[in-house]
Structure formats: C-alpha cells, structure tokens
Student: 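Take a look at the following structure, please.
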Amino acid sequence: MAGIAGLDVRGTRTPVYVHDKLMLVDDEWATVGSCNLHKYSFFGNSELNVAFTDADAARAMRVELLKEYLATETSHIDDRAALRLFREIAMQNRARWDRGVCAWQGLAFRLDVERYGSRTGDDRIGNAT
C-alpha cells in the first residue's frame, strides 16, 4: 500500500487524502472517478467514474501521474518497470519518514499496513506516535 504526502507551510510532510480512484491496466485501459468497487458506489450513492481503452491516453496518464508522485520521468520505461520504480521510491520515502526527514523524492511513500487505520498510531499514514 502506498500513499502520498506533501509539504505543509511549515515544511513538514502531511499526508494528502484523495477520494478519487484511478486504475491503470497494462498502459492500455484506465478508469478514474470516485466509485469504490462495491454495490453502494455503483447503485445508490452519487459516484461517477469514466473508463476507457486507449493505449496512448492510458500511458500518458500513467507517465504524468508518476511524474508528480515520483518527481521522475517514466516515459522511457514500460508500465511494469514504472511500478517497480514507484515501489522503490515509496519504500525509500518511508525510510526517510521514519527518520523524520522531510526531503523526499516526489510524494509517494509506503504505508505501514500493520498500523494504517489504527487508533494506536497516526491513522493517516500508519506511523506510530
């Protein structure tokens, strides 16, 4: 699991909550919107997604998103290599977070799945307090 955290006005990392969902598959198909994958989002709540099959658009979406989240260019690599890079950078940023370092590469970081959502730690990022 990964999240994103930006710098606040004091220069401190602050997790960013994003309600939108995005799914990219094989740099060819994408869906983006607010729907969760359960019946209440599809039948009853006011949720909306758009889905499309367009390799150029899906790949461009992935490249732009990772440029923001990783502060690096991924247009020269395929989707699998880009996701491996995402994981690597998110793990490095988590190590920085755990050391109290706010200077990260991009915004992505690995969530602590043991603590994420718990009341014993920082439930926004899964960091013990």
Side-chain angles (χ1 to χ4, degrees):
M1 285 181 48
I4 58 174
L7 293 172
D8 65 15
V9 295
R10 297 179 314 258
T12 304
R13 285 284 167 180
T14 304
V16 176
Y17 176 76
V18 179
H19 180 71
D20 290 349
K21 286 79 173 173
L22 169 72
M23 184 187 316
L24 298 165
V25 178
D26 298 333
D27 271 356
E28 293 193 20
W29 181 88
T31 183
V32 62
S34 61
C35 287
N36 294 304
L37 295 178
H38 60 66
K39 68 180 180 178
Y40 302 111
S41 280
F42 293 127
F43 308 103
N45 292 341
S46 298
E47 306 281 357
L48 182 66
N49 269 40
V50 62
F52 58 90
T53 301
D54 182 315
D56 291 336
R59 187 172 192 287
M61 184 180 287
R62 185 259 300 166
V63 167
E64 286 302 312
L65 185 70
L66 294 189
K67 188 183 298 182
E68 178 183 358
Y69 286 4
L70 304 181
T72 195
E73 181 63 49
T74 62
S75 62
H76 63 287
I77 58 178
D78 67 24
D79 57 328
R80 289 179 186 232
L83 289 177
R84 285 191 296 272
L85 180 62
F86 185 100
R87 182 178 188 269
E88 179 182 322
I89 291 172
M91 291 177 72
Q92 291 169 357
N93 285 341
R94 180 59 197 218
R96 290 178 180 109
W97 175 274
D98 290 341
R99 292 191 315 268
V101 176
C102 290
W104 292 5
Q105 179 177 345
L107 305 171
F109 70 102
R110 183 183 60 83
L111 295 172
D112 181 345
V113 296
E114 297 294 322
R115 296 183 185 268
Y116 183 74
S118 74
R119 295 294 169 208
T120 60
D122 184 334
D123 63 352
R124 295 172 300 163
I125 62 159
N127 192 35
T129 54

Student: Pick one: which of T31, V32, D20 meets side-chain contact (heavy atoms from CB on, under 4.5 Å) with N49?
Tutor: T31
Student: Which side-chain N or O atoms in residues 54-61 pair as donor and acceptor under 3.5 Å with protein atoms at least two apart or in another chain?
Tutor:
residue	atom	partner	partner atom	Å
D54	OD1	D56	N	3.1
D54	OD1	A57	N	2.9
R59	NH2	S75	O	2.4

Student: Rounded to the nearest 0.5 Å, what separation is found between the CD atom of Q92 and the CZ atom of R110?
Tutor: 12.5 Å
Student: Could you check whether R80 pairs with D78 (Lys NZ or Arg NE/NH1/NH2 to Asp/Glu carboxylate O, under 4.0 Å)?
Tutor: no
Student: Which heavy atom in R62 sits nearest to a heavy atom in I77, and how many Å separate them?
Tutor: NH2-O, 3.2 Å
Student: Of all heavy-atom pairs between R96 and Q105, which one has the smallest distance, and what is that distance?
Tutor: NH1-N, 4.0 Å
Student: List the atom of N36, the atom of K21, and the distance in Å for their closest heavy-atom pair.
Tutor: OD1-CE, 2.8 Å
Student: Please evaluate residues D79 and L24 with respect to the criterion side-chain contact (heavy atoms from CB on, under 4.5 Å), reporting the C-alpha separation (whole Å), side-chain torsions for both, the decisive distance (0.1 Å), and the verdict.
Tutor: CA-CA 9 Å; D79 57 328; L24 298 165; over 6 Å; no
Student: Does E28 offer a backbone N or O that forms a donor-acceptor pair with the side chain of D26 under 3.5 Å?
Tutor: no
Student: About how many Å separate CG of L83 and CG of D27, when rounded to the nearest 0.5 Å?
Tutor: 8.5 Å
Student: Counting C-beta onward and ignoring hydrogens, is there a side-chain heavy-atom pair between W29 and M23 closer than 4.5 Å?
Tutor: yes
Student: Any idea how W104 and W97 line up, ring-wise: parallel (<30°), tilted (30 to 60°), or perpendicular (>60°)?
Tutor: perpendicular
Student: Is it possible for you to say whether L22 and Y69 belong to one hydrophobic cluster, with membership spreading through side-chain heavy-atom contacts below 4.5 Å?
Tutor: yes
Student: Quick one: CG on N93 to CD on E88, what's the gap to the nearest 0.5 Å?
Tutor: 10.5 Å
Student: For the hydrophobic clusters of this structure (ILVMFWY residues joined by side-chain heavy atoms under 4.5 Å, transitively), does one cluster hold both V63 and I89?
Tutor: no
Student: How long is the span from the CG atom in L65 to the CZ atom in F86, to the nearest 0.5 Å?
Tutor: 7.5 Å
Student: When rounded to the nearest 0.5 angstrom, what is the spacing between CG in L66 and CG in L107?
Tutor: 11.5 Å
Student: Kindly indicate, with the supporting measurements, whether the criterion side-chain contact (heavy atoms from CB on, under 4.5 Å) is fulfilled by R13 and L7.
Tutor: CA-CA 5 Å; R13 285 284 167 180; L7 293 172; 3.6 Å; yes
Student: Mind checking what makes side chain to side chain contact (heavy atoms under 4.5 Å, CB included) contact with E47, not counting sequence neighbours?
Tutor: H19, S34, C35, S41, N45
